[in-house]
Amino acid sequence: MSDLLNSVREKAKKLKKTIVLAEGEEPRIITAAAQASKEGIANLVLLGNPDVIAKKAQGAKLDGVKIIDIKKIDTEPYAQLLYELRKDKGMDIEKARKTVLDPLYFGVLMVKRGEADGMVAGSVNATGDVLRPALQIIKTAKGIKTVSSCFIMVLDKNSKYGENGVMVFGDCAVNPNPDSRQLADIAVASAATAKAIAGISPKVALLSFSTKGSAKHELVDKVTAALEIIKTEHPELDVDGELQADAALVPTVAELKAPGSKVAGHANVLIFPDLQAGNIGYKLVQRLAGAEAIGPICQGFNMPVNDLSRGCSSEDVVNVIAMTALQCG
Ligand code: ACO
């Protein structure tokens, strides 16, 4: 495990947050809950049937892990809350009563009610299905309009890229085609995650196929408009754009293409112009450069909810639990 993940786990231990795991009957989740509980990374809640969980636990010790069987408890207060929050969006009480029986909704409602500090799911559910209940119920943090995601990319410690080989890429998993406003939100949130979880000082590059006007296109205009928004709202942030990836990363190229830029040549937070670029970009660096890709880390929610990859291991789940704890504030 990387030093970064070790440090994230150590920080989480001090916080003693409660994290609900909605996919409580999934063996990797059960193993992760047992391990995270044993290590003291968080207080864990598994949603599921206790007999099924015990059978699938295969010796994993679940002492201290709370199990909630949604089918056996009074879910009416959760249904009422869901109805109140969503009645203007066409929710009626009967539909709310059925919807809360979906663990992804129930978990998010637990967070909303303050019974848990954050939720983790996605080992057996698609990203959209994990995020939609949270988008509808948890909503965004104050001052942020867009929920987005990033990956912490860990290269070799001696890499010439990133801060000690650590970089942050956003958005790689949530917003298919962000506009300038959303792109600005993604950049600001990714910079915050870079500081809070990756432990680096963010130097943010808004990536494009153009550097400083070398190409004219409406896709480039979207990126330069995002830069203007960030500069106005967050003058404290080290950010520049539009930059091609080489101008963002390589000092000699930066000198030629973006002379005088504080960020070009030294960027450690890369903001991709859309989800096609972001998702492809992080996977290329992961596969071709052998980087460890930690995430997706969701950012911008009022209370943290994180989505797992369906290919995740139980170790990955423990890491996401720890990162979620760090986002609880
Ligand atoms: N930030 C804030 N609010 C949002 C966002 C956002 N990014 N997206 C949607 N919302 C809000 C909407 O305004 C709406 O609010 P309301 O119902 O209170 O009015 C609510 O969330 C639901 O919106 P929908 O439009 O119904 O949700 P949608 O079906 O578009 O789902 C989602 C949103 C899940 C994020 C969608 O954009 C999506 O599926 N994104 C791609 C996910 C994906 O497949 N990623 C790639 C795989 S992940 C990987 O490879 C690691």
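Worth saying up front: this structure is predicted, and the values here are computed from it rather than measured. Counting convention: from 1, in listed order, for ligands and their atoms alike.
- Taking a heavy-atom cut-off of under 4.0 Å, ligand 1 is surrounded by Arg86, Lys89, Thr127, Gly128, Arg132, Leu135, Lys139, Thr140, Lys145, Thr146, Val147, Phe151, Ala173, Val174, Asn175, Pro176, Asn279, Tyr282, Lys283.
- Between the side chains of Thr99 and Asp102, no donor-acceptor pair of N or O atoms lies under 3.5 Å.
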Start with the C-alpha distance between Asp3 and Lys157, add both sets of side-chain angles, then the distance that settles salt bridge (Lys or Arg N to Asp or Glu O under 4.0 Å), and finish with yes or no.
CA-CA 10 Å; Asp3 293 349; Lys157 234 188 238 164; 3.0 Å; yes

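- For the residue pair Glu242/Ser210, the side-chain donor-acceptor check at 3.5 Å is satisfied.
- With 3.5 Å as the limit, one finds a donor-acceptor pair spanning the side chains of Asn125 and Glu23.
- There is a side-chain donor-acceptor pair under 3.5 Å between Glu115 and Tyr78.
- Only one option out of Lys231, Lys195, Lys262 pairs with Asp238 in a salt bridge (Lys or Arg N to Asp or Glu O under 4.0 Å); it is Lys262.
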